[in-house]
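In what follows, chains carry the letters A, B, and so on, assigned in the order in which the sequence lines appear, proteins first and then strands, with residues in each chain numbered from 1. Heavy atoms only: backbone and side chains are in, while hydrogens, waters and symmetry mates are out.
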Amino acid sequence: MKKYFAAGKSLPRPDAIEKVTGRAIYGDDIKFANLLYGKVLRSTHAHAKIINIDIEKAKKFPGVKAVVTGKDLSHVLGGEAIMDYPFLAVGKVRYVGEPVAAVAAISEEIAEEALDLIDISYEELPPVFDPLKSMEEKAPLIHDKISSYKHIPVIKPIDNSNICHHVQFVNGDIEKGFKKSDHIFEDTFTTQRVHHGAIETHVAIAQYDPTGKITVWVNNDGPHRLRKDLSKAMGLSLRQIRIINAPYIGGGFGGKGGLKEETICIALAQKTQCRPVKISFNREEEFTSTITRHSSVVKMKTGVSKDGKILAREVKVVYDTGAYAEKGPTVTNQASVAAAGPYKIPNVKVDGYCVYTNKVIAGAYRGYGIPQVAWAHESQMDIIAKKLGIDPIEIRLKNVLSEGDICPTGRQVMHSIGLKECIKKIKKDIKLIEYHDKNIGKGIACAFKNTKTPSGSSAIVKINSDGTAEILTSSIEEGQGPKIILAQILAEELHLSVDNITVSSPDTDLTPFDASSTSSRTTFHMGNAVKKAAEDAKQQLLKIASELFKVNNREVKMENGKFFVKQNPSKTMSIAEVVTSRYGAGMDIMGRGSYFPEVVGEKGGMWAAPSIFWMYAAHEAEVKVDKETGRVTVLKVRAAHDVGKAINPMTCEGQIDGGVVHGMGPALFEEVIFDKNGEVANPSFLDYKIPSALDMPEISSFMIEKHHKQGPYGAKGIGEMTLVPTAAAISNAIYDATGVRIKDLPITPEKILNAIKKKDI
Amino acid sequence: MDRLININLNINNEKYDLSVKPNTLLLDLLRDEIGLTGTKRGCDTGECGACTVLIDGVPVNSCIVLAVEVDGKNITTIEGLSHNGKLHPIQETFIEKGAVQCGFCTPGMILSAKALIDNNPDPTEQDIKVAIAGNLCRCTGYKKIIEAISAAAERMRRRE
Amino acid sequence: MLRKLKEFEYFAPKTIPEAISLLDQYQGKAKLFAGGTDVLIQMKQRKLIPEYLIDVKNIDGLNYLKYNTDEGLKIGAYVTHGILANSEIVQEKYTALAEGSLAVGSVQTRNRGTIVGNICTSSPSADTPPSLIAFDANIKLISIEGERVVKITDFFLNPFKNCMKENELITEIQLSDLPPNTGSAYLWLPKITALDETLVGVGLVLTLNNIEEKVCTNIRIGLGSVSPMPMRANNTEEFIKGKSIDDSVIKEAAEIASKETSPRSRAEYRKEMVSVYVKRALNKALERIK
């Protein structure tokens, strides 16, 4: 096995010291002299025409510096997949909570008071809240003409409907497959809207300069993507927009990636004569007016042979994306690719629909649509195992993908698959001693997840004259750990101490391109970019060293951070010696690295190509059910993840621990509830509960390292994968304990109790 | 109505004589007027614990405390935990054990842990869970936080 | 709606006369507060917009917790849930009350929130009223018109409404001493997570003739979150009184209790859980009689 210098070590993260001392700067900690504060007036209707907005009184209110409405930006539409999103509502509102007008004032209190002075008259339109009803022909149209919106090539909206994307994947012959099957299973599973629950809210500050260039300070998970989206929406060049990320983001989980507070801030800043405007959402706005996870309806029909081989699977999945497409279409696309599960299935057909409704927008959420389908295929896997009398672990081992298999949706040959090892690791760890308690049950589930492909990342490595270094990168630090991972990669390449490496924060004027810090792509993509940049710097250093040693370039080697001539390894020079011998302290060495995956497959830009890597995991849950109350206590979760290579095992473990608890909440209790008017009824942490320390199970995490040919040291991603199989593992354990199967999340005590009663009758 | 009220208080062992509006929250006083931004705003309604500070050693949510209420009190914020660059043992173990991810809950979490260990030098896992139940964390799953608090308590017992 | 706090005038009276004269002066426009865990949040939500806020924390002689066998337990108006939950005498003698205070929120909330504040808010799902009903607590009120004492069962009028007049202040909660062979318990079912609003709360005080015969000489049961306001389970008490407590009595009592309640949301489940929790609380109280 290869000996590594820095990769594979559980080094503490450099940002931790700032965070434990309270010195770490987040979005809301950024302030400027002359700062104005923005507040947003939001729609009180789910679907209504805007008849009139009277802002005169608000404009005259002392301390108010600007008031904007959709009229001021009526030509502007944004959106990553489909450009359907106005910065402020134009003509009509499409959900309760949609921004309609905004005020900038010298204090938050004054801005809030001024909001009360804005008068809006609406004419109500019939709303539609249920995604299945929204797909019907007679449903009221939420967007009059989808075909008039620009969209990326991979997305296929259906005109004169509320379906903003339909995708189909076919592999083999589904009908033949069902005919050959001994048993056919048909089930429908549904999932609820879930909120990201990052503890930090959305914050932005926008400021124009006199040339018309906008600078936005923000806590966004993709600064270059944000710049691109704003530039497309506003018709500005990329140079005219500068995104400076707050050094730290207080949790994202996909929730901080769209156009939300930034756009309103910009709208206000256009009217403040170059004064900066800050908008800091409160917790209520987080729930009512940012984004949630998509709710879903998953219909799954599966044909299996007597011995438990899956022969055919047909999936229809409908995602409710709310009033605007946001990332819904690409969520639907990515999840549809994975909807048949991590199994070798010869005949597959998947139909994915992304549907508008008059509800708060759904967008990216850790797992990108796959937790929903994984819950469905893993619940059904247990139904099949039970019916066929096969052990749930064995039926999975019998069907899971192996190296060289075709992805069930037929799009690619799979490589680096550690799923069998994950399942076997868990199987081994489950104690042979059985619980002697009829209220305790066990359940297993496994899954896989892709990453958005192709997408690029670039990095610059600066080697200072004293041998210390900086990495210029646009990867964001939102807890997932790039500041230590990228430092470890550079340290590995040049044998530097991570203590001598600084990893930058993003600033689109200064740091090179990165598609986004999402899709569990940073270690793989930015990691490769840093590795290449290090190699570029190393080649430059080798060239200088050969000049200094007065030998041919090819005769100099670098090992353990030292340069020497191959024939005379005893005489060495350090990196600092090489740089200073050549330049004194008057120069640095700058290495450049860009990574853009080479993938075979269909054209069509980002999201269109087969995934450059897949993540695999298996979770096993042990639960105790109080059969009098229906309450579930999750006692233990075993989580095994194929990470390719754990560059920092402690950070990987942290991702797994967090993902397990994050996966448990939506399985058992988390749910964004809508009232009959489509308004979020539980927009606070009092009414929308996320797990506290008192709810967490015991967690055992295992890392499987199945080398990926293109990953840095074989590494893949992990972050999103950590919550994907959790809900199904818990659901299967509840079934094991009670004999009842709940097919709609969350699995609340009432649902369990009612099902137990029905079963007993 | 906009009458200012004078208050004298100690923040991290420094004396402050201040004039505050009655509706100024302790959280806003600390963040906006004193410039101690280590105390975080998460929910504004005392549910998430990100704004936890110690008043005379007792953890409270500063988003639902008025500045005028802390006249004459000793306030400890996260900035007051390390002295002359020397970290508090809880800060040390949070770094070592990987208990920090996004870091937004970390200041409040550490202060709740400090109040716990100051009163209960040898807390059980359940004691720790109860003590930090009011500090929500979406990143870590709490496991490494609990390990860090337990390790800090042990380190503090050994040092005494 | 969640907003910044509107402006108000703040008073921190040092004496009771000072406090009640302020209350009298600003009747209807003033709001009392101690821990602020309810009041300040409601003000941010614009459910309350007082012009004057009167802080009771600086009033001399409201911060006490006293117990003696003659007078029982006296709780001053500025006693927090944290103090009650951690008090040895409360834990030992008035276990159900210590448990009720422990059920309130997080450590941070218990450190600020007071039991008097809890009953002033008069939420149907509050955690201390069921135990206060079970202990037959008296509430002492004062205004410029004088003092009066109200039984806890007469205190609550409607959801979030009670019998306090706009110029009144609660100074004390009184619980009498308990006879021998008495045990108490407060058990609560949170809505969903461990730290959550209470879906069903059962506070119960049980007295037996002796531990061998287990004949109930007295019982009081307070129920929370299952009716428009905290309620006493009269029929259930009647049924149990005089009977020797065994599993079949407990089972039947649990069913009677369920029928007494009238929860609004999640009604069927709550009613069923009343049975489960009355049963469990009776068993818990029995266990505690030594």
Side-chain angles (χ1 to χ4, degrees), chain A residues 10 12-13 15-26 28-29 31 109 196-201 248-253 280 282-284 286 477-481 648 650-651 653-662 664 684-686 690-699 701 722, chain B residues 23 28 31-32 35-50 77-82 85 87-88 90-110 126 128-146:
Chain A
S10 287
R13 47 206 296 160
D15 43 308
I17 186 149
E18 286 174 74
K19 289 170 176 175
V20 300
T21 52
R23 311 287 169 186
I25 298 298
Y26 297 82
D28 202 32
D29 303 334
K31 267 176 213 148
E109 287 83 355
H196 304 74
I199 311 301
E200 181 202 31
T201 64
Y248 297 108
I249 296 185
F253 316 108
S280 183
N282 66 29
R283 181 57 50 187
E284 188 175 76
E286 288 293 305
E477 172 53 76
E478 60 178 348
Q480 82 284 35
N648 186 314
M650 183 165 77
T651 306
E653 270 170 30
Q655 287 293 308
I656 297 173
D657 297 342
V660 165
V661 175
H662 197 161
M664 185 191 80
S684 72
F685 279 143
L686 176 67
I690 67 171
S692 78
L694 288 167
D695 300 296
M696 61 168 289
E698 187 189 330
I699 302 163
S701 51
T722 54
Chain B
N23 64 341
D28 295 331
R31 287 181 54 82
D32 299 340
L36 294 172
T37 54
T39 307
K40 298 301 178 200
R41 176 196 310 281
C43 72
D44 273 311
T45 54
E47 291 292 331
C48 78
T77 72
I78 191 66
E79 290 91 344
L81 234 61
S82 48
L87 295 179
H88 188 280
I90 305 172
Q91 293 173 314
E92 292 173 351
T93 57
F94 264 62
I95 297 172
E96 294 160 16
K97 297 280 177 189
V100 178
Q101 288 190 28
C102 88
F104 207 75
C105 73
T106 306
M109 200 67 89
I110 288 176
Q126 185 62 18
I128 296 170
K129 286 182 178 179
V130 170
I132 62 166
N135 295 84
L136 298 178
C137 169
R138 194 59 150 172
C139 297
T140 65
Y142 304 102
K143 185 180 167 183
K144 291 183 189 301
I145 289 175
I146 293 166

Which of the residues [options] is involved in the greatest number of heavy-atom pairs with chain A at under 4.5 angstrom?
options                            : answer
B:Gly35, B:Gly42, B:Gly38          : B:Gly42
B:Glu47, B:Glu79, B:Glu92, B:Lys40 : B:Glu47
B:Pro107, B:Gly98, B:Cys139        : B:Cys139

For chain B, which candidate among [options] shows the most heavy-atom pairs at distances under 4.5 Å?
options                               : answer
A:Ser692, A:Gly659, A:Ala16           : A:Ser692
A:His196, A:Met664, A:Glu18, A:Glu109 : A:His196
A:Asn282, A:Asp28, A:Val660           : A:Asp28
A:Ser280, A:Gly658, A:Ala693          : A:Ala693
A:Gly197, A:Gly252, A:Pro12, A:Gly251 : A:Gly197
A:Thr651, A:Thr201, A:Ile690          : A:Ile690

(request) For side-chain contact (heavy atoms from CB on, under 4.5 Å), just list the numbers for B:Arg31 and A:Asp29, CA-CA rounded to whole Å, side-chain angles, deciding distance to a tenth of an Å, and then say yes or no. (result) CA-CA 8 Å; B:Arg31 287 181 54 82; A:Asp29 303 334; 2.7 Å; yes

At a 4.5 Å cut-off on heavy atoms, which part of [X] comes close to chain B: side chain, backbone, both, or neither?
X        : result
A:Ile699 : both
A:Glu200 : both
A:Gln480 : neither

Is a donor on one side and an acceptor on the other found under 3.5 Å between the side chain of [X] and the backbone of [Y]?
X        : Y        : result
B:Tyr142 : A:Pro691 : yes
A:Arg283 : B:Cys48  : no
B:Gln101 : A:Gly654 : yes

Between [X] and chain A, which part of the residue has a heavy atom less than 4.5 Å away: side chain, backbone, both or neither?
X        : result
B:Asn135 : neither
B:Ala50  : side chain
B:Leu81  : neither
B:Ile146 : side chain
B:Thr140 : backbone

Return the minimal non-hydrogen interatomic distance between [X] and [Y], and the atom names on each side.
X        : Y        : result
A:Gly250 : B:Cys102 : C-SG, 3.3 Å
B:Gln91  : A:Thr21  : NE2-CA, 3.8 Å
A:Gly22  : B:Ile78  : CA-CG2, 3.5 Å

Got a second to check how far [X]'s [atom1] is from [Y]'s [atom2], nearest 0.5 Å?
X        : Y       : atom1 : atom2 : value
A:Asp15  : B:Ile95 : CG    : CD1   : 10.0 Å
B:Ser82  : A:Arg23 : OG    : CZ    : 6.0 Å
A:Glu284 : B:Thr45 : CD    : OG1   : 9.5 Å

(request) State whether the number of non-hydrogen atoms from other residues, nucleotides or ligands found under 6.0 Å of B:Lys97 atom NZ is greater than 12. (result)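 Open.
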
(message) With heavy-atom distances below 4.5 Å as the criterion, would you say the side chains of B:Leu87 and A:Ile17 are in contact?
(response)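 Yes, side chains in contact.
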
(message) Counting C-beta onward and ignoring hydrogens, is there a side-chain heavy-atom pair between B:Lys143 and A:Val661 closer than 4.5 Å?
(response)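 No, every pair of side-chain atoms sits at 4.5 Å or beyond.
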
